[in-house]
Amino acid sequence: MGDSSLKAKLKEKIEAFRPRTTKLMKEQGKIVIDKVTIDQCIGGARDIRSLVTDISYLDPQEGIRFRKKTIPETFEALKEHNVAGCEMPTVESFFYFLLTGDIPTKAQADEVAADWRSRAEVPQYVIDVLRAMPRDSHPMTMLSTAVLCMQRDSQFAKRYGEGGLKKNDMWDPMYEDSMTLLARLPPIAAYIYRMKYQGDTFIPADAKLDWGGNFAHMIGQKKPYDDVARMYFIIHSDHESGNVSAHTTHLVASALSDAYYSFSAGLNGLAGPLHGLANQEVLGWIQNSMKKLNNQVPSKEQLKQFLWDTLNSGQVIPGYGHAVLRKTDPRYTAQNEFAKKHMPNDPLFQLVNMIYEVAPGVLTEHGKTKNPWPNVDAHSGVIQWHYGVREWDFYTVLFGVGRALGVLANIIWDRGLGYAIERPKSVTTEMLEKWAADGGRKLD
Ligand code: AMX
């Protein structure tokens with residue numbers, strides 16, 4: 001079989017782009033674009049401009065843009081790809097757009113769908129590994145393990161090992177591995193879900209369905225959950241390069257580790273409570289609040305007290321705050337609009353809206369966070385709960401399946417543009433103290 005039109009388009013795009021990166025490195029490489037302060041050095045490298053990606057950009061006020069388009073613009077541009085009778089485009093069409101920057105034709109999106117379908121069979125050894133794990137393992141541990149064990153199938157590792165893989169050709173096996181991984185993620189995630197929470201019963205894939213629709217089908221969900229799945233996967237896909245899951249995937253891939261090693265590592269970062277696990281924690285926090293009131297929706301005054309109790313006990317309010325954003329996350333807004341339309345009377349949804357009215361004021365008064373507004377995770381769990389996906393600890397897996405689209409697109413381009421192994425420089429505390437006393441490090 002010849003290369004797909006997506007792969008051919010990508011080759012053309014990468015080759016056309018490469019001279020821009022080469023020129024910046026060779027001719028303009030020493031031009032200064034940022035400075036680094038001591039608090040950034042100790043404080044998680046916040047805001048230091050030291051990563052490059054053209055796939056998405058996060059503006060602190062406006063939120064994410066995928067290939068220069070906001071979330072509403074993305075949905076509008078892809079609306080020809082909405083599944084019949086549905087409100088959301090196929091994930092296949094979105095991935096084509098994310099990877100190339102072009103809106104695909106119907107034939108091009110169909111080709112991605114056919115390609116993923118042809119790669120979707122999950123090897124038996126992956127099932128065996130999952131089944132050998134203790135059933136109470138966190139589903140993120142299971143997902144990351146399943147991804148990692150497929151490393152034996154890596155085309156990148158194989159071709160690198162055979163020798164002679166040229167730097168400019170490395171994106172090709174990275175693309176192949178990424179496409180295989182993407183194809184297998186929905187059935188693997190659905191397998192974990194059904195094995196862990198649905199009495200070890202399974203629903204086979206339906207070849208007529210798209211990637212998102214098939215995932216909904218395999219976990220046992222009906223309409224309009226298929227649109228929830230598509231929306232979730234798309235809005236969680238990418239959030240530029242500096243967040244933990246994207247950065248980890250990129251960092252590991254920079255050592256020429258393949259897509260399986262890299263994405264498994266990214267998932268492990270996503271599993272942390274300050275990152276993807278927050279969506280599981282939000283629902284726990286909301287339901288604990290309601291439990292204290294015999295499952296009644298609290299009044300605003302009671303809610304305010306819960307928020308303060310959480311803060312005073314030294315915990316963070318999950319789903320609020322962000323390292324970069326300084327306004328309401330448009331991924332929160334996209335979900336809020338969907339919920340307004342499909343589940344306006346859901347008591348948990350009403351509570352989410354009430355938290356939105358109360359929490360920013362409390363967090364502002366508390367005075368610590370730089371951003372008192374909600375992020376994507378403040379909303380995700382409530383929609384899942386409404387449609388009957390009530391196993392909180394699975395929510396980060398949904399995030400992870402969506403995040404694969406962005407981080408894998410990024411590492412394909414990393415190899416296409418020949419980005420270097422990542423290796424920032426560390427310093428000692430003593431050095432920082434000396435430079436602080438001197439009023440700054442002398443730059444040569
Ligand atoms: N509740 C209480 N305190 C908060 C807070 C919140 N939601 N968000 C930030 N703060 C605190 C921080 O803990 C920090 O306190 P410290 O000085 O005592 O350490 C202070 O405010 C300053 O933090 P910041 O600069 O505003 O944020 P950050 O870049 O250090 O951290 C984030 C960003 C997301 C980790 C933080 O806002 C947070 O912990 N939020 C709650 C968890 C959450 O929702 N995570 C999901 C984020 C989105 C995602 O990745 N999925």
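Indexing begins at 1, ligand by ligand and atom by atom, following the structure's order. Only heavy atoms go into these numbers, but all of them, side chains included; no hydrogens, no water, no symmetry mates.
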Query raised in the report: Do other residues, nucleotides or ligands put more than 12 heavy atoms under 6.0 Å from the CD atom of Glu80?
Result: no
Report task. Mind running side chain to side chain contact (heavy atoms under 4.5 Å, CB included) on Arg184 and Asp153 for me, showing each step along the way? Result -> CA-CA 12 Å; Arg184 291 177 183 173; Asp153 294 338; 3.1 Å; yes
Query raised in the report: Does any N or O in the side chain of Glu391 come within less than 3.5 Å of the main-chain N or O of Tyr193, such that one atom is a donor and the other an acceptor?
Result: no
Query - Ring center gap for His379 and Phe349 short of 6.0 angstrom - result: yes
Query raised in the report: Will you find, in the side chains of Asp238 and Ser56, an N or O donor that is under 3.5 Å from an N or O acceptor?
Result: yes
Report task. Write down, by chain and number, every protein residue that brings a non-hydrogen atom to less than 4.0 Å from an atom of ligand 1. Result -> Arg46, Leu274, His275, Ala278, Leu311, Val316, Ile317, Pro318, Gly319, Tyr320, Gly321, His322, Ala323, Leu363, Lys368, Thr369, Lys370, Asn375, Asp377, Phe399
**Report entry** Listed once per pair and sorted, the side chain to side chain donor-acceptor pair (under 3.5 Å) pairs that draw on residues 359-373, sequence neighbours left out
**Finding:** none
